[in-house]
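Worksheet: the structure to be examined is printed underneath.
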Amino acid sequence: MSSPDPQVRAARNHESTSAVRGPVVAVTGAASGVGALLTERLAASDEVGQVVAIDERRGECAAARWHVLDVRDPAIADRLRGADVVVHLALDLDLETDPAARSAYNVRGTQTVLTAAAAAGVHRVVLCTSAMVYGALPDNELPLAEDAELRATAEATGVGDLLEIERLARRAPRAHPGLNVTVVRPAVLVGGTDTALTRYFESPRLLVVAGSRPAWQFCHVEDLCSALEYAVLEKVDGELAVGCDGWLEQEEVEELSGIRRMELPSAVALGAAARLHRIGLTPSPAGDLAYTMYPWVVSGSRLHDAGWRPKWTNEEVLAQLLEEVAGRHTVAGRRLGRKDATAAGAAGATVALLGAAAVVRRARKARRRI
């Protein structure tokens, strides 16, 4: 029997080698945050062949192959050639970023990555949004299933961008046949993060809106990375929610944290928060407050069915969060320096909210005098 054609033999050898060494995975936003942690994790995995790291600066993972560029650059398609999977983590959810600039970066970046991945022959893209896309509503089930309706609005920080990314994810397989898109939605993310929800625990008092029913579920970045790895290795796909098992009631959070509550009527809290944001005194819009009022706990059943389990409990993640924010002082979402914090005293966010009407009145009088 004659031996196979050399090109056929080479192709078979390549397939065999690829099967043994695992997929080539590209990670955007790989130089910092979750992207850096995932890049290190994948580079150390025996199930991953190679990691291609993409960011606007070079990160510290020496085992990855680095490309320095903006994810909105169409040239990214050339950098993705040969990759089997792309994990897109280059998102800007910084509270201090101009909202228009943030949206332009997040949405255009995701569009470019999805189009480039399809053009480069990538067969799977993993996107990371947030469980916030389900919305925080008084009639939410506890917990929410992954296929629950996305009822969030664009009123909270970055949520409008995340909803648009979700829309792009749903549309991508139709626009690019053969491209599989998996979306991972973490609960309140903790571990070197800075969000309106982590800043909630930097206040001297925990603001509680009268009549609300908060339920707190956290997600440690290590658990998010392990869930993303599951998606990369095709152990699970589709729309995935990830977080600690169960949730904490507000009373449990107060007992564990040792931070007392200050309660406000809904109209006062929401109205004052909106005014403070409108005149530029706080980075967080009033919509962020809803996520501290109503439940948006997720079940994570699809990951659990695939064998994934979180290593962290809600209690453990809350304890780490409190360690991370120790010494920080936030009033109504605005981080203060030590001098400002001393002046603010123990009144915290609640007094700032209660004083909002007076602040607005003074601002209006000042404008009238000009």
Side-chain angles (χ1 to χ4, degrees), residues 14 17-18 20-94 97 102 105-129 165 168-169 172 179-184 186 189 191-194 220-235 237 240 242:
H14 174 74
T17 302
S18 298
V20 171
R21 67 186 181 88
V24 175
V25 183
V27 180
T28 70
S32 62
V34 176
L37 293 174
L38 181 65
T39 298
E40 291 282 0
R41 182 185 183 97
L42 295 178
S45 172
D46 293 335
E47 297 182 80
V48 174
Q50 185 181 43
V51 179
V52 178
I54 298 172
D55 209 321
E56 293 177 53
R57 64 178 177 85
R58 185 182 178 89
E60 297 180 0
C61 182
R65 177 158 56 92
W66 284 89
H67 295 296
V68 178
L69 82 164
D70 190 313
V71 292
R72 294 169 293 181
D73 188 340
I76 195 173
D78 292 331
R79 310 300 191 270
L80 296 180
R81 295 196 188 282
D84 301 295
V85 184
V86 175
V87 186
H88 178 47
L89 298 173
L91 294 178
D92 180 3
L93 297 176
D94 192 319
T97 301
R102 182 175 59 219
Y105 179 82
N106 291 337
V107 176
R108 177 67 182 276
T110 302
Q111 286 175 324
T112 303
V113 167
L114 287 168
T115 302
V122 174
H123 76 270
R124 176 182 292 258
V125 174
V126 180
L127 302 176
C128 186
T129 60
I165 290 170
L168 293 171
L179 183 64
N180 179 296
V181 179
T182 296
V183 180
V184 180
L189 195 60
T193 58
D194 177 27
H220 194 277
V221 291
E222 291 179 358
D223 284 336
L224 174 58
C225 285
S226 70
L228 289 168
E229 185 178 16
Y230 257 63
V232 163
L233 298 175
E234 302 188 28
K235 297 179 180 180
D237 61 9
L240 311 173
V242 55

Qualifying salt bridge (Lys or Arg N to Asp or Glu O under 4.0 Å) pairs, either residue in residues 48-57, two or more places apart: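 Listed by first then second residue: nothing to list.
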
Any residue meeting side chain to side chain contact (heavy atoms under 4.5 Å, CB included) with A120, in chain and number order, not counting sequence neighbours: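 Per chain and number, A120 pairs via side chain to side chain contact (heavy atoms under 4.5 Å, CB included) with L80, R81, V122.
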
Partner residues of A36 under the side chain to side chain contact (heavy atoms under 4.5 Å, CB included) criterion, sequence neighbours left out: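 Partners of A36 by the side chain to side chain contact (heavy atoms under 4.5 Å, CB included) criterion come out as none, since no residue qualifies.
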
Between [X] and [Y] (side chain of the first, backbone of the second, donor and acceptor by atom type, cut-off under 3.5 Å), is there such a pair?
X: H88; Y: T28; value: no
X: S226; Y: D223; value: yes
X: D84; Y: V24; value: yes
X: R102; Y: L93; value: no
X: W66; Y: C61; value: yes
X: D73; Y: L69; value: no

Min side-chain heavy-atom separation Q111-L168 under 4.5 Å: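 When only atoms from C-beta onward are counted, L168 and Q111 do touch, with a gap below 4.5 Å.
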
D92-T97 side chain donor-acceptor pair, cut-off 3.5 Å: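 Looking only at side-chain atoms, T97 and D92 do form a donor-acceptor pair, the distance falling under 3.5 Å.
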
Nearest-0.5 Å distance, CG of residue L114 to OG1 of residue T110: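 Interatomic distance, L114 CG to T110 OG1, rounded to 0.5 Å: 6.5 Å.
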
